[in-house]
Amino acid sequence: MPKRAKLVVGNWKMHGRLAENATLLQAVAQGTGELPADVRVGVCVPCPYLAQTQSLLEGSRVMWGVQDVSAFTHGAYTGEVAASMVTDFGSTLAIVGHSERRAYHRESAELVAVKTQRVLEAGLTPIVCVGETLEEREADLTEQVVGAQLDEVLVKLSEQEAARIVVAYEPVWAIGTGKSASAQQAQAVHAFLRSRLAAKGAAVADVPLLYGGSVKPENAEELFGQMDIDGGLIGGASLKAQDFLAICKAAGAISVSG
Ligand code: PGA
């Protein structure tokens, strides 16, 4: 049985409008009240809805944040959002290096590492995403790919900084496809990532390691029950209060105090 506390974070991606967000956020704030104390929950929303999210989640146990930040602190970078701006709305989380950003916005491992630094400097928790494509998995390159993605970030951080990150393993072939990695496949990669983190220093060994990619109420408990899986980064299922809460509950069922 894993000893670490659980963390479940919703990644809304580019979904949501004011009216539907209100219903979803209120349901999540209410529904998480009953969870065991060591289950932490968060949602990463589109930037225009940060103020709404803050007003509806403040006082609840749900944390909130964004899905990306600029690699710069401020300046003439049209369209960019700085990590410090995000903190003005009470956010504590920022996803960096999601595979959709690496693929569609050509974000390099180096850029993801710089963004992680900006997030840490702003006092936020970065959720650093790593993951291999189907071609890479089939070529037996999974460890090489996710190891290199993680190392690029770790090399830029001190041990104290690295101890503040969250890592999300998200196989690209499992994202939004309905085809989750099996609990065994996910655990094997998590164990590998855990050893890589431990090599950075004792304080880094226990950072939360989330699994993401088609997590649903039906597979959450088995995934979260694995030794090195400390929770999940949830895309599609985080848009439905009932499903997201069921996934949080699954984390609660196998949490230390659950
Ligand atoms: P999914 O997305 O749960 O819809 O597969 C996960 C993610 O991309 O973070």
Side-chain angles (χ1 to χ4, degrees), residues 6-16 20-21 24 28 40-47 49 53 62-69 91-107 112 115-116 119 124-134 136-137 142 145-146 149-150 153 165-183 185-187 189-190 193 207-224 226 229-251:
K6 295 291 177 196
L7 172 63
V8 179
V9 179
N11 171 13
W12 286 10
K13 308 194 180 183
M14 199 170 70
H15 293 289
E20 65 197 52
N21 298 348
L24 177 55
V28 170
R40 294 184 300 148
V41 178
V43 289
C44 290
V45 305
C47 285
Y49 300 123
T53 302
V62 185
M63 304 175 282
W64 62 92
V66 292
Q67 303 161 18
D68 181 42
V69 295
S91 305
T92 54
L93 304 170
I95 297 170
V96 287
H98 190 281
S99 62
E100 286 152 15
R101 297 216 54 95
R102 292 183 196 256
Y104 309 149
H105 301 271
R106 307 220 190 297
E107 291 198 5
V112 173
K115 289 185 172 194
T116 305
V119 170
L124 299 161
T125 298
I127 301 175
V128 180
C129 300
V130 300
E132 82 288 3
T133 63
L134 186 59
E136 288 162 344
R137 173 162 283 264
T142 299
V145 169
V146 299
Q149 289 171 341
L150 181 61
V153 171
I165 72 172
V166 170
V167 176
Y169 168 56
E170 298 204 306
V172 177
W173 47 272
I175 295 176
T177 58
K179 187 179 181 297
S180 163
S182 70
Q185 282 174 321
Q187 165 57 26
V189 179
H190 279 237
L193 292 169
V207 305
L209 257 178
L210 311 183
Y211 168 77
S214 298
V215 178
K216 321 177 243 274
E218 304 80 57
N219 61 15
E221 193 166 334
E222 194 192 357
L223 284 160
F224 298 167
Q226 303 301 308
I229 301 185
D230 305 323
L233 184 56
I234 320 298
S238 72
L239 299 171
K240 296 187 203 114
Q242 215 183 350
D243 286 1
F244 187 61
L245 290 169
I247 291 167
C248 294
K249 231 172 139 190

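Numbering of ligands and ligand atoms starts at 1, following listing order. Since this is a predicted model, take the numbers as computed values, not measurements.
When non-hydrogen atoms are compared, ligand 1 lies under 4.0 Å from the backbone of I175 as well as from its side chain. With a 4.0 Å heavy-atom cut-off, ligand 1 is reached by no atom of A168.
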Which atom pairs, one a donor and one an acceptor, fall under 3.5 Å between side chains of residues 207-220 and the rest of the protein, sequence neighbours left out?
residue : atom : partner : partner atom : Å
Y211    : OH   : S180    : OG           : 3.4
Y211    : OH   : A181    : N            : 2.9
Y211    : OH   : G213    : O            : 2.8
S214    : OG   : A174    : O            : 2.6
S214    : OG   : G178    : N            : 2.8
S214    : OG   : K179    : N            : 3.4
K216    : NZ   : G178    : O            : 2.8
N219    : OD1  : K216    : N            : 2.7
N219    : ND2  : S214    : O            : 3.0

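Judged by distance alone, the side chain of R102 and the main-chain N or O of G97 form a donor-acceptor pair under 3.5 Å. Looking at Q185, its side chain does come within 3.5 Å of a backbone N or O of S182 through a donor-acceptor pair.
Atoms of ligand 1 found under 4.0 Å from any heavy atom of K13, numbered from 1 in the order shown, are 2 (O), 7 (C), 8 (O). Those atoms of ligand 1 with a heavy atom of S214 less than 4.0 angstrom away are 1 (P), 3 (O), 5 (O). Applying the 4.0 Å criterion to heavy atoms of G236 picks out, from ligand 1, the atoms 1 (P), 3 (O), 4 (O). The atoms of ligand 1 that sit less than 4.0 Å from any heavy atom of A174 are 5 (O).
Between I175 and H98, the closest side-chain pair of non-hydrogen atoms falls below 4.5 Å.
Residue contacts with ligand 1: A237 is placed with no nitrogen or oxygen under 3.5 Å of a nitrogen or oxygen of the ligand (distance criterion only). Between T177 and ligand 1, a contact under 3.5 Å exists for no N or O pair.
No heavy atom of G178 sits closer than 4.0 Å to any atom of ligand 1. Contact annotation: H98 has at least one heavy atom less than 4.0 Å from an atom of ligand 1. Ligand 1 has no atom lying under 4.0 Å from any heavy atom of G212.
Q67 is linked by a side chain to side chain donor-acceptor pair (under 3.5 Å) to nothing, counting only residues two or more places apart in sequence or in another chain.
Nearest protein neighbour of atom 7 (C) of ligand 1, counting heavy atoms only, is E170 OE2, 3.1 Å.
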Under the criterion side chain to side chain contact (heavy atoms under 4.5 Å, CB included), I'd like the reasoning laid out for Q242 against I247: C-alpha separation, chi angles, the key distance, then a yes or no.
CA-CA 9 Å; Q242 215 183 350; I247 291 167; over 6 Å; no

Please evaluate residues L239 and W12 with respect to the criterion side chain to side chain contact (heavy atoms under 4.5 Å, CB included), reporting the C-alpha separation (whole Å), side-chain torsions for both, the decisive distance (0.1 Å), and the verdict.
CA-CA 6 Å; L239 299 171; W12 286 10; 3.9 Å; yes

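For the pair E221 and K249, the salt-bridge criterion is not met [side-chain N within less than 4.0 Å of a carboxylate O].
Looking at C44, G235, G176, it is G176 that brings a heavy atom closest to atom 5 (O) of ligand 1.
Between the side chains of Y169 and E132, at least one donor N or O sits under 3.5 Å from an acceptor N or O.
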